[in-house]
**Student:** 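Pasting a structure here, questions to come.
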Amino acid sequence: MTAEATATEMTTTAGILAAIVDPSGREIHDPATGEVVGRTHEGTPAEIDAAVTAARRVQPAWAARSSQERSELLSKAADAIEASAEALAELLSREQGKPLNGPNARFEVGACAAWLRANASFELEPEVLVDDGETHAELHYKPVGVVGAVGPWNWPMMISVWQFAPSLKMGNTVVLKPSEYTPLSVQALVAVVNQVLPADVLSVVPGDASVGAALTSHADVDKIMFTGSTKTGQAIMRTAADNLARITLELGGNDAGIVLEDADPAQIAGDLFWGAFINTGQTCAAMKRLYVPESLYDQVCQALVEVAGQSPMGVGLEEENVLGPLQNKQQYDIVARLVDAAKDGGARVLMGGDPVAEQPGYFYPTTLVADIDNDNPLVAEEQFGPVLPIIKYTDLDQAVEWANELEVGLGSSVWGTDLDACRQVADRLEAGTTWINKHGAVDPRVPFGGVKKSGFGLEFGLEGLKHVSIPQVISW
């Protein structure tokens with residue numbers, strides 16, 4: 001295809017698939033219907049080596065461009081995404097399962113463009129550290145080199161942009177390895193963006209765990225960015241030690257939300273629901289457990305049931321749906337096991353909890369669970385699906401202790417009308433981000449990262465740029 005034809009074809013799902021599908025590759029199935037979406041090429045460690053070598057070769061020229069030039073190309077990449085937005089959203093919906101509407105597929109594609117534009121607007125200027133007449137010292141930030149980025153299946157396009165947008169802005173080149181579950185989405189995104197980027201500045205190599213290991217252990221990869229499970233993050237750390245590669249890890253979370261005594265259940269119910277059920281609960285920084293005071297407990301439970309009842313679940317391409325299936329059978333089984341554990345522990349299922357066996361796809365019904373013990377597996381483990389346990393508390397100190405007692409700490413939230421009281425509670429919570437009267441509201445201008453076993457390193461904003469750079473002090 002010519003460049004003009006490529007741009008035209010990239011505005012349709014069929015055109016994008018024609019550009020990326022490997023006829024002899026592995027089948028990718030729609031988790032809502034079981035239908036074949038397309039076939040993905042299965043890369044090899046040798047292809048990782050070739051991609052890293054090419055990225056290493058072009059990196060000096062990319063870094064030599066001015067920051068303004070790189071910003072202009074990132075903005076053009078955002079334009080290209082917007083021109084192909086509906087096609088990308090349809091492919092994402094079919095491969096990942098998320099509906100087009102709600103905070104889902106169209107939202108994700110829009111966020112890709114927004115994050116590119118935000119990073120294009122950031123400028124990381126040298127910082128004057130000392131200037132006392134005798135000594136002048138400045139802190140400069142230089143590109144780290146080649147970034148190897150490994151992404152997840154829940155927000156495959158958006159998280160890829162979180163990884164490559166700041167990296168490219170700072171003059172790095174990037175090799176992406178997408179999840180085996182959602183390789184087509186990331187390949188499509190890269191194909192669209194690469195209409196405007198120089199060759200080999202950004203590349204993608206799909207494949208299995210051996211391909212990911214080849215990337216994260218490669219001697220010419222200077223920085224590793226990984227979003228996924230804590231277990232895999234720990235394995236990457238061990239591997240990266242051999243090369244002393246820099247690392248940013250955004251790992252699992254089991255985010256707590258705490259409702260205070262003065263909250264208005266009717267007013268907060270919608271935001272509580274979507275804080276937990278965004279992307280059908282398949283979000284690292286979604287609210288996974290909710291602590292509610294006894295005085296408001298029944299009201300909050302009822303308000304959540306009402307919101308959930310107005311949020312239809314079904315096949316993503318059907319416009320009325322805002323909740324979809326679990327992306328894969330493994331995750332479906334985890335959710336089912338944890339809900340069964342709640343039932344076995346005597347918890348009260350307010351709605352859901354009883355999947356339809358003959359229904360195609362990995363649909364688990366929207367489930368709200370009340371009167372559950374804090375040590376029940378559904379509370380103590382991350383469910384990563386459309387289920388929310390609601391735990392009653394009578395003492396705020398106890399709720400804070402419960403919120404902090406797990407080994408993860410990605411996000412958390414506090415809900416109430418007295419902002420000073422909310423801030424005091426927020427200050428006591430052990431999490432990389434604590435939101436007040438919202439949950440999971442990430443912003444490209446605001447740094448984001450985890451504590452404890454939810455990882456380390458920051459993404460977004462100027463701090464995010466620093467984490468894909470090498471600091472250098474220049475003093476005279």
Side-chain angles (χ1 to χ4, degrees), residues 1 3 6-7 9-13 15-22 25 28 37-44 47-48 50-55 58-59 62 70 73-85 87-92 94-96 105 108-113 115-117 119-120 146-153 155-169 172-207 211-212 215 221 225-227 468:
M1 291 186 291
T6 300
E9 291 295 329
M10 287 295 181
T11 62
T12 68
T13 306
I16 289 176
L17 283 171
I20 65 171
V21 162
D22 179 353
I28 299 295
V37 178
R39 289 178 176 269
T40 182
H41 173 69
E42 289 286 80
T44 64
E47 289 177 52
I48 286 288
V52 172
T53 299
V58 302
Q59 191 273 327
W62 176 246
R70 293 195 296 270
L73 285 168
L74 291 186
S75 295
K76 289 179 180 179
D79 293 341
I81 288 173
E82 289 178 339
S84 300
L88 289 172
E90 288 179 4
L91 175 58
L92 177 62
R94 292 176 61 198
E95 181 180 50
Q96 201 281 337
E108 179 168 350
V109 174
C112 290
W115 247 264
L116 278 163
R117 288 209 169 89
N119 278 275
V146 177
V147 174
V150 180
W153 50 258
W155 296 92
M157 291 184 181
M158 185 174 71
I159 290 178
S160 292
V161 171
W162 289 1
Q163 295 170 329
F164 74 69
S167 299
L168 295 179
K169 168 65 179 181
N172 304 295
T173 52
V174 181
V175 178
L176 296 171
K177 192 277 178 186
S179 166
E180 299 96 309
Y181 289 115
T182 52
L184 296 176
S185 296
V186 179
Q187 291 176 82
L189 176 70
V190 171
V192 168
V193 167
N194 274 344
Q195 293 174 100
V196 302
L197 293 179
D200 299 323
V201 165
L202 174 66
S203 61
V204 55
V205 182
V211 173
L215 179 61
V221 169
M225 302 184 76
F226 172 73
T227 297
V468 290

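Values in this document were obtained by computation on a predicted structure and should not be read as measured data. Note: hydrogens, waters and symmetry copies are ignored here, and every other heavy atom, side chains too, is used.
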**Student:** Quick one: side chain to side chain contact (heavy atoms under 4.5 Å, CB included) partners of A85, sequence neighbours excluded?
**Tutor:**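 Counting only residues at least two positions away or on another chain, A85 forms a side chain to side chain contact (heavy atoms under 4.5 Å, CB included) with V109.
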**Student:** With heavy-atom distances below 4.5 Å as the criterion, would you say the side chains of V211 and P206 are in contact?
**Tutor:**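 They are not in contact (no side-chain heavy atoms under 4.5 Å apart), so the answer is no.
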**Student:** With side chains defined as the heavy atoms from C-beta onward, is the minimum distance between E108 and P156 less than 4.5 Å?
**Tutor:**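 They are in contact (side-chain heavy atoms under 4.5 Å apart), so the answer is yes.
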**Student:** D22: what forms a salt bridge (charged side-chain N to carboxylate O under 4.0 Å, His left out) with it, not counting sequence neighbours?
**Tutor:**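 For D22, no residue satisfies salt bridge (charged side-chain N to carboxylate O under 4.0 Å, His left out) once neighbours in sequence are set aside.
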**Student:** Looking at every non-hydrogen atom in both residues, tell me the closest pair between V21 and G38 and how far apart they are.
**Tutor:**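 Heavy atoms only, the tightest pair is CG2-CA, 4.3 Å.
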**Student:** Kindly write out the residues that satisfy side chain to side chain donor-acceptor pair (under 3.5 Å) with S185, not counting sequence neighbours, or none if the list is empty.
**Tutor:**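 If we apply the side chain to side chain donor-acceptor pair (under 3.5 Å) test to S185, skipping adjacent residues, the hits are E95.
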**Student:** Could I get the full list of side chain to side chain donor-acceptor pair (under 3.5 Å) partners for K169, not counting sequence neighbours?
**Tutor:**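 Checked K169 against side chain to side chain donor-acceptor pair (under 3.5 Å); matches are S67, S71, E123.
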**Student:** Output every pair passing salt bridge (Lys or Arg N to Asp or Glu O under 4.0 Å) with a member in residues 176-187, not counting sequence neighbours, ordered by first then second residue.
**Tutor:**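 As it turns out, the salt bridge (Lys or Arg N to Asp or Glu O under 4.0 Å) pairs with a partner in residues 176-187, which skip direct neighbours, are K177-E180.
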**Student:** The criterion is side chain to side chain contact (heavy atoms under 4.5 Å, CB included); which residues satisfy it with A165, sequence neighbours excluded?
**Tutor:**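 With sequence neighbours excluded, A165 shows a side chain to side chain contact (heavy atoms under 4.5 Å, CB included) to L116, N119, V161, given in chain and number order.
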**Student:** What is the minimum heavy-atom distance between V193 and F164, and which atoms define it?
**Tutor:**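 Heavy atoms only, the tightest pair is CG2-CZ, 4.3 Å.
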**Student:** Would you please name every residue forming a side chain to side chain donor-acceptor pair (under 3.5 Å) with R70, sequence neighbours left out?
**Tutor:**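 Once residues adjacent in sequence are excluded, R70 has no partner under the side chain to side chain donor-acceptor pair (under 3.5 Å) criterion.
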**Student:** With V205, which of V52, L176, L215, I48 fulfils side-chain contact (heavy atoms from CB on, under 4.5 Å)?
**Tutor:**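 By the side-chain contact (heavy atoms from CB on, under 4.5 Å) criterion, V205 pairs with just one of V52, L176, L215, I48: I48.
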**Student:** Test of understanding: with side chain to side chain contact (heavy atoms under 4.5 Å, CB included), list the residues that count as partners of T13, not counting sequence neighbours.
**Tutor:**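 L17, A87, E90, L91, R94.
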**Student:** Under the side chain to side chain donor-acceptor pair (under 3.5 Å) definition, can you give me all pairs with a residue in residues 155-167, not counting sequence neighbours?
**Tutor:**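 Residue pairs passing side chain to side chain donor-acceptor pair (under 3.5 Å), neighbours aside: W155-T283.
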**Student:** Measure across A51 and S203 and return the closest heavy-atom pair with its distance rounded to 0.1 Å.
**Tutor:**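 Closest approach of A51 to S203, heavy atoms only: CB-OG, 3.8 Å.
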**Student:** Pairs in or reaching into residues 191-206: which pass salt bridge (Lys or Arg N to Asp or Glu O under 4.0 Å), with residues at least two apart or in two chains?
**Tutor:**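 Counting only pairs at least two positions apart or across chains, the salt bridge (Lys or Arg N to Asp or Glu O under 4.0 Å) contacts touching residues 191-206 are R57-D200.
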**Student:** Considering residues at least two apart in sequence or located in another chain, which fulfil the salt bridge (charged side-chain N to carboxylate O under 4.0 Å, His left out) criterion with E47?
**Tutor:**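 Once residues adjacent in sequence are excluded, E47 has no partner under the salt bridge (charged side-chain N to carboxylate O under 4.0 Å, His left out) criterion.
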**Student:** Quick check: do L168 and L74 have side-chain heavy atoms less than 4.5 Å from each other?
**Tutor:**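 Of all side-chain heavy-atom pairs linking L74 with L168, at least one is under 4.5 Å.
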**Student:** Mind checking side chain to side chain donor-acceptor pair (under 3.5 Å) for T40 and listing every partner two or more places apart, or none if nothing turns up?
**Tutor:**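 Per chain and number, T40 pairs via side chain to side chain donor-acceptor pair (under 3.5 Å) with Q187.
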**Student:** Any chance you could lay out the side-chain contact (heavy atoms from CB on, under 4.5 Å) test for I81 and M10, step after step, and finish with the verdict?
**Tutor:** CA-CA 9 Å; I81 288 173; M10 287 295 181; over 6 Å; no
